[in-house]
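Numbers restart at 1 for each chain; the letters A, B, ... are given by sequence-line order, proteins then strands. Owing to the predicted nature of the structure, the values given are computational and were not obtained by experimental measurement.
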Amino acid sequence: MNPRCNALQPSSSISKFISENSCLSMLEKNCRSMRDLQKLHAQLIKTGLSMDIIAVSRVLSFCATSPFGDINYAYQVFSRIEQPNAFSWNTIIRGFSQSSCPQNSIHLFISMLHSSTVEPIKLTYPSLFKAYANLGQAQDGAQLHGRILKLGIECDPFIRNTIIYMYSNCGYLVEASRLFNEYSDVDIVAWNSMIIGYAKNGQVSESLRLFDKMPWRSDVSWNSMISGCVRNGKLKEAFHLFQRMQNEGIKPNEFTTVSLLNACAQSGALKQGEWIHAYIQKNKIQVNPIVLTAIIDMYCKCGSIGKALQVFETASTKGLSSWNSMIIGLAMNGDGKEAIQMFLELERLSGLRPNDVSFLGVLTACSHSGMVTEAQYYFSQMTETYQIKPTIKHYGCLVDVLCRAGLLEEAEEVITELTETPDVIMWGSLLFACKQHGNVEMGKRAAERILELDPTETSGYVLLANAFALTGRYEEAIDARALMKERDIRKEPGCSLVEVEEVVHEFVVARRSHPREKEIYRVLDELGLILKETAECVFQDGLDGFLD
DNA sequence: ATAGGGTTAG
């Protein structure tokens, strides 16, 4: 920092006291967004308080750890502190541990170890274990666990609990329960971590068993159990727990409503979702960016794009994730142009920087609406202008859009030039496109790759057989079908849920079990005919018949 | 009078 800045600082300690107090108390009570924070930060800079380590640390803490904060801004603030103290280090490490790049916590910890002015202290470690937990890297975290044992501080309940959480969150339930059982004085946080671990690893009945065995249950216990149920598709159980929770006098909060909104989104239960939305408003549950995102996502998944847009547009504190779920919602709904428009607004008006998920939304929009040149443009913008490394999902969109446009060579080129292993979905898009365009040779290559990657993947056999049949190579078509029979592969039936007037109706592929199935399928057939007449593209056909 | 554990979206 320019040393002359010091000369501009107000000399009167009284004025300093006044501005410090008004600014900082504002920070605690009224700061609801980065816009507010930036105003306060500007004020601090104007009054010279930006050099004050305590004032700056509070700004840092808001940016790094509040749900309204911005970790990149926090890092900017941190890197301008001349001599960060242990507080500053711990705050920024904690901020990254709960961000989308927890790896930075570990990098920062290493810099901290190399720094000559500060030493890690007990309070530094929980954030690091949380970073490892969020990265799913418990093996690397185990090395830090070794360091904790050497330092003799495993008995610290905060440290021990994050270690339990790390192991259990990453599926190392043996290690987690060993530590859980080793100490007789484990507290409720340790119980909760175990519940979360079992639920995240598909053992929700084990979670419920622990939940019932607990000495007492905090709001976090209830929320963890509800989210565990939703994660495992036990939606009725989740709503039942919500009832029980209220009966026991525990107040549902942001976390509870996010899980329940998620349950509604999963099942398409619009009425229930609307009810939760109303519950949030009535009970003054704070609509932080995550809750906002969950509301938008629920409306999108339940098909109410208009309502989602309305909520989005009237919200005052939109996080990047809120923009992203709106872009993805529009893209999935087939509103490709609107999705791209939304992305452009995000870029130009929000002051936020699009991330990999934003681009995934745009690319999904392009692929769902068949916009090839746009997809290529945004893909290069992502990698070149924004320097974002594409994931397999981004490549998947690119392959998909090329396939839909019939650019099979280009699509295959993208796949074969990947540095990582292409996924089954990608080859599947190509295979399906090959079938549509009658390119049997390439289709065969794609099918072979699919069957290599996942011999239980039915679409490989089915599409391969169809591709052969389409070009009159019936013998080979029969071989492909026989191979599938021989390996005794059965498709897990697809299933969709539709909510009509508060009743959820379930439809399973090739199983006509609905009481009004005759009427429903008659209308569906009629719609299919109309679509076939109007649409130019060829619809996927014969799949159901083949599987019967 | 700025810092530590468990629950959350895409």
Notebook entry, point to check: So, A:R160 and A:D185, do they make that salt bridge, N to O below 4.0 Å?
Noted result: yes
Note to self: Expressed as a whole number of angstroms, how long is the span from A:I195:CD1 to B:dT8:P?
What the structure shows: 12 Å
Check: For the pair made of CE in A:M326 and P in B:dA9, what is the distance, rounded to whole Å?
Finding: 19 Å
Note to self: Let's see if you get this right: which residues in residues 338-360 of chain A place a heavy atom under 4.0 Å from DNA chain B?
What the structure shows: A:N355, A:V357
Notebook entry, point to check: Among the nucleotides B:dT7, B:dG4, B:dA9, which one has an atom lying closest to any side-chain atom of A:N262?
Noted result: B:dA9
Note to self: Per the salt bridge (Lys or Arg N to Asp or Glu O under 4.0 Å) rule, what does the pair list look like for residues 236-250 of chain A, sequence neighbours excluded?
What the structure shows: none
Next item on the list: Using a heavy-atom cut-off of under 4.0 Å over every strand shown, decide if A:L292 touches base, sugar-phosphate, or nothing.
Entry: nothing
Next item on the list: Under 4.0 Å between any heavy atoms, over every strand shown, what does A:D297 touch: base, sugar-phosphate, or nothing? Just pick one.
Entry: sugar-phosphate
Notebook entry, point to check: Using a cut-off of 4.0 Å on non-hydrogen atoms, how would the nucleic acid contact of A:I290 be classed: base, sugar-phosphate, or nothing?
Noted result: base
Next item on the list: Measure from the side chain of A:I54, starting at C-beta and using heavy atoms only, and say which of B:dG10, B:dT7, B:dA1 lies closest.
Entry: B:dA1
Notebook entry, point to check: Should the pair A:Y395 and A:F379 be assigned to parallel (<30°), tilted (30 to 60°) or perpendicular (>60°) ring geometry?
Noted result: tilted
Notebook entry, point to check: Quick one: is B:dG10 close enough that its OP1 or OP2 comes under 4.0 Å of any side-chain N or O from A:K301?
Noted result: yes
Notebook entry, point to check: Roughly how many Å is it from CZ in A:R231 to C1' in B:dT8, rounded to a whole number?
Noted result: 9 Å
Next item on the list: Report the residue from A:L330, A:I328, A:D335 that forms a side chain to side chain contact (heavy atoms under 4.5 Å, CB included) with A:M332.
Entry: A:I328
Checklist line | Contact list for DNA chain B against residues 89-117 of chain A - heavy-atom distance below 4.0 Å | finding: A:N90, A:T91, A:R94
Note to self: Please enumerate all residues that pass ring-ring contact (aromatic ring centres under 6.0 Å, His included) together with A:Y165, with sequence neighbours excluded.
What the structure shows: none
Margin query: Does B:dA3 have its OP1 or OP2 closer than 4.0 Å to a side-chain nitrogen or oxygen of A:R58?
Written below: no
Next item on the list: Give the rounded distance in Å between these two atoms: CD1 of A:I81 and P of B:dA3.
Entry: 13 Å
Notebook entry, point to check: How do A:S57 and A:S325 order along DNA chain B: which one's closest nucleotide is nearer the 5' end?
Noted result: A:S57
Next item on the list: Tell me what A:S218 touches on the nucleic acid: a base, only sugar-phosphate, or nothing, going by heavy atoms under 4.0 Å.
Entry: base
Next item on the list: Start with the C-alpha distance between A:Y386 and A:E347, add both sets of side-chain angles, then the distance that settles side-chain hydrogen bond (donor to acceptor under 3.5 Å, both in side chains), and finish with yes or no.
Entry: CA-CA 11 Å; A:Y386 285 92; A:E347 258 187 328; 2.5 Å; yes
Next item on the list: Walk me through it: do A:N223 and A:N253 pass the test side chain to side chain contact (heavy atoms under 4.5 Å, CB included)?
Entry: CA-CA 9 Å; A:N223 290 338; A:N253 63 12; 3.0 Å; yes
Note to self: As a test of reading the structure: which of B:dG10, B:dT7, B:dG4 is closest to the side chain of A:K122, going by heavy atoms?
What the structure shows: B:dG4
What pairs of donor and acceptor atoms, side-chain ones from residues 119-126 of chain A against any protein atom, are under 3.5 angstrom apart with sequence neighbours left out?
residue : atom : partner : partner atom : Å
A:T124  : OG1  : A:N90   : OD1          : 2.9
A:T124  : OG1  : A:I121  : N            : 3.0
A:T124  : OG1  : A:I121  : O            : 3.0
A:Y125  : OH   : A:R147  : NE           : 3.2

Notebook entry, point to check: Relative to each other, are the rings of A:F242 and A:F239 parallel, tilted or perpendicular (30° and 60° limits)?
Noted result: perpendicular
Checklist line | Rounded distance (Å) that lies between atom P of B:dT8 and atom CG of A:L261 | finding: 14 Å
Check: What is the distance, rounded to the nearest whole Å, between atom NZ of A:K318 and atom P of B:dA9?
Finding: 21 Å
Next item on the list: Just compare B:dT8, B:dT2, B:dG4 and give me whichever is closest to any side-chain atom of A:F87.
Entry: B:dT2
Check: Rounded to the Å, how far apart are A:I328 CD1 and B:dA9 C1'?
Finding: 10 Å
Next item on the list: Return the value, rounded to whole Å, for the distance between atom CD1 of A:I163 and atom C1' of B:dG4.
Entry: 13 Å
Next item on the list: Could you name each residue pair satisfying salt bridge (Lys or Arg N to Asp or Glu O under 4.0 Å) that touches residues 203-218 of chain A, not counting sequence neighbours?
Entry: A:E206-A:R209
Checklist line | Nucleotide nearest A:L123 when distance is taken to its side chain, options B:dT7, B:dA3, B:dA9 | finding: B:dA3
